[in-house]
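Convention: sequence-line order gives letters A, B, ...; per-chain numbering from 1.
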Number of protein chains: 2
Amino acid sequence: MFKDVTAGIQAEIKQVKPFSSLEEEALLSLQRTADQLQWRIFELLKPYGVSPTQYNALRILRGAKEQGRSCSEIADRMINRDPDVTRLIDRLERRGLVQRAREKKDRRVVTARITSAGLELLKELDRPVEEFNRKMLGHLGEQKLKRLIKLLEVARERAV
Amino acid sequence: MFKDVTAGIQAEIKQVKPFSSLEEEALLSLQRTADQLQWRIFELLKPYGVSPTQYNALRILRGAKEQGRSCSEIADRMINRDPDVTRLIDRLERRGLVQRAREKKDRRVVTARITSAGLELLKELDRPVEEFNRKMLGHLGEQKLKRLIKLLEVARERAV
DNA sequence: TGACATAAGTCGTTATAACGAGTATGTTTA
DNA sequence: TAAACATACTCGTTATAACGACTTATGTCA
């Protein structure tokens, strides 16, 4: 609907009263934007049988190569924080996408590594994901993207 | 950590490889910012026994006054889309925060209305929420907030 | 060294989310 | 007007998220 696009978030969520502050409007815009994009990502990944969280974990492990990552290292690197990495890895292991091994040096630590099946899945997804990114945000152009990234960085300052 | 604040999202999620595109960086920044803020909201609301989704629904119903809203109207107005408004309202009803009534005109429709207990809870939350908004995003200032809101609006264009 | 604290994961449990089928009501059409 | 379709919601089921208690392994320090 074109109306939605031009009239701002207030029209999108059919709000009657104006926002009480710019801060509130920004916060709600942020939540809605993220939710909509997350939903699209979810749909993109669905045919491949992985959730956005799982995809995120797999990409972290691809970046780590043979070295792998411990559960807490994975947790640190997640985009959306997950309080139970154990079960996240459980599910990926059950699908044969990652492997687990207990560390000899520090036997508390369990290191997860991506398997060749996991790598293959990611490889299959690289193109669609890249296309998705362009399709969703490419129309902003370089300048606006950079500005958005900067503004979001400032927006996170107080939220840590 | 100050480092995190200045070094951008790449340092925050301890990423080794650079982002493959600005679009990807923007998307991940957006997800992370929203997640962090959502987490803080979650914590803010926890002592009051409501989730962000429930809070959102209550505010929608406060805006609707005595007229109330049907389940599908609520769904349309949610910031984070919820596929099962029935159960969302169930939970709020069980806590006495909303009431349900079947419409006489169209007996398919169930209208939810906020109760005085619900209004009181929201009233209690108004101040803390407003303070939260200012605390989280106030440091951006008017100009940056407006720019952010505009950019997010553009970012949502293709995600609908 | 032994007591204590901390760290890293695991797992039981409860709550919530997601999916889809089912029910009742209302609208449209042949 | 009966059949077909559409709408609004409900609910059973399965999967995932959230909360904490628990286990095991390392560090710290008197």
Asker: Salt bridge or not for A:Arg59 and A:Asp126, using N-O below 4.0 Å?
Answerer: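 Judged by the 4.0 Å cut-off on N to carboxylate O distance, A:Arg59 and A:Asp126 do not form a salt bridge.
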Asker: In whole angstrom, what separates A:Lys104's NZ from D:dT24's P?
Answerer: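 Going from NZ in A:Lys104 over to P in D:dT24 covers 21 Å.
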Asker: Give a yes/no on whether any side-chain N or O of B:Ser72 is located under 4.0 angstrom from OP1 or OP2 of D:dC9.
Answerer: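 So the side-chain polar atoms of B:Ser72 do come within 4.0 Å of the phosphate oxygens OP1 or OP2 of D:dC9, strictly under.
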Asker: Without decimals, in angstroms, what is the distance between B:Asp82 CG and D:dC9 C1'?
Answerer: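 Those two atoms, CG and C1', are 14 Å apart.
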Asker: Atom CD of A:Gln38 and atom P of C:dA18: how far apart are they, to the nearest Å?
Answerer: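 Taking CD of A:Gln38 and P of C:dA18, I get 10 Å after rounding.
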Asker: Does the pair A:Glu12/B:Arg156 count as a salt bridge with the N-to-O cut at 4.0 Å?
Answerer: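 Here A:Glu12 pairs with B:Arg156 in a salt bridge, since their nearest N and O are under 4.0 Å apart.
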Asker: Using a cut-off of strictly less than 4.0 Å, decide whether B:Lys105 has a side-chain nitrogen or oxygen near OP1 or OP2 of C:dG26.
Answerer: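 Answer is no, no contact under 4.0 Å.
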Asker: Tell me whether A:Arg107 is salt-bridged to A:Glu103, with the criterion being a basic N under 4.0 Å from an acidic carboxylate O.
Answerer: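 Salt bridge absent between A:Arg107 and A:Glu103.
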Asker: Nearest whole Å is fine: how far is C:dT16 P from A:Arg87 CZ?
Answerer: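 After rounding, the reported distance stands at 17 Å.
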Asker: D:dC19, D:dT10, C:dT25: which one has an atom nearest the side-chain heavy atoms of B:Arg108?
Answerer: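 Closest of the options to the side chain of B:Arg108: C:dT25.
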Asker: Taking any heavy-atom pair under 4.0 Å as a contact, classify B:Arg81: base, sugar-phosphate, or nothing.
Answerer: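 Since no nucleic acid heavy atom lies under 4.0 Å of B:Arg81, the category is nothing.
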Asker: Would you say A:Arg91 reaches D:dA17's phosphate, i.e. side-chain N/O to OP1/OP2 under 4.0 Å?
Answerer: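 So the side-chain polar atoms of A:Arg91 do come within 4.0 Å of the phosphate oxygens OP1 or OP2 of D:dA17, strictly under.
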Asker: Does A:Arg107 get its side chain close enough to the base of C:dG9, under 3.5 Å, for a donor-acceptor pair?
Answerer: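 In this structure, the two groups form no donor-acceptor pair.
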Asker: Between A:Glu43 and A:Arg40, is the salt bridge (Lys or Arg N to Asp or Glu O under 4.0 Å) condition met? List the steps.
Answerer: CA-CA 5 Å; A:Glu43 298 249 288; A:Arg40 299 301 297 264; 5.6 Å; no
Asker: Counting heavy atoms from C-beta on, name the nucleotide in D:dC9, C:dA17, D:dC19 closest to the side chain of B:Phe42.
Answerer: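 Nucleotide nearest to B:Phe42's side chain: D:dC19.
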Asker: Taking only side-chain N and O atoms of B:Arg100, does any of them lie within less than 4.0 angstrom of OP1 or OP2 on D:dA8?
Answerer: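 No, because none of the side-chain N or O atoms of B:Arg100 sits under 4.0 Å from OP1 or OP2 of D:dA8.
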Asker: Contact class for A:Asp106 vs. all strands (heavy atom < 4.0 Å): base, sugar-phosphate, or nothing?
Answerer: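 Here A:Asp106 touches the backbone only, sparing every base.
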Asker: What's the CD1-P distance between B:Ile74 and D:dC9, to the nearest Å?
Answerer: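 The answer, rounded to whole Å, is 8 Å.
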Asker: Are the side chain of B:Thr111 and the backbone of B:Arg69 linked by a donor-acceptor contact shorter than 3.5 Å?
Answerer: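 Looks like no, no N/O pair under 3.5 Å.
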Asker: With no angle test and no hydrogens, is the base of C:dG9 tied to the side chain of A:Arg102 by a donor-acceptor pair under 3.5 Å?
Answerer: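 Looking at the base of C:dG9, it does not pair with any donor or acceptor on the side chain of A:Arg102 (distance under 3.5 Å).
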Asker: Name the nucleic acid region contacted by B:Ser70, choosing base, sugar-phosphate or nothing; use a 4.0 angstrom heavy-atom cut-off, strictly under.
Answerer: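 The answer is sugar-phosphate, as B:Ser70 gets under 4.0 Å only of primed atoms, P, OP1 or OP2.
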Asker: Let me know the distance between CG of B:Asn56 and P of C:dT16, rounded to the nearest Å.
Answerer: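 Taking atom P of C:dT16 as the reference, CG of B:Asn56 is at 16 Å.
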Asker: Of the candidate nucleotides D:dC9, D:dA18, D:dG12, which contains the atom at the shortest distance from the side chain of B:Val109?
Answerer: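 Nearest to the side-chain atoms of B:Val109, counting from C-beta on, is D:dC9.
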Asker: For A:Gln54 and A:Asp84, find the nucleotide of DNA chain D closest to each by heavy atoms; which residue's nucleotide sits nearer the 5' end?
Answerer: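 Its nearest nucleotide being more 5', the pick is A:Gln54.
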Asker: Taking atom C1' of D:dT10 as reference, at what distance in whole Å does atom CZ of B:Arg94 sit?
Answerer: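 About 14 Å, once rounded to whole Å.
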Asker: May I ask you to verify if any side-chain N or O of A:Thr53 is less than 4.0 angstrom from the OP1 or OP2 atom of D:dT16?
Answerer: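 No, because none of the side-chain N or O atoms of A:Thr53 sits under 4.0 Å from OP1 or OP2 of D:dT16.
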Asker: Between atom CD in A:Glu93 and atom C1' in C:dT10, what is the gap in whole Å?
Answerer: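 Interatomic distance, CD of A:Glu93 to C1' of C:dT10: 13 Å.
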Asker: Return whichever of A:Trp39 or A:Asp90 has its heavy-atom-nearest nucleotide of DNA chain C closer to the 5' end.
Answerer: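 Nearer the 5' end of the strand: A:Asp90.
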Asker: Can you confirm whether A:Glu24 is buried at CD, in the sense that more than 12 heavy atoms of other residues, nucleotides or ligands lie under 6.0 Å from that atom?
Answerer: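 Above 12, so yes.
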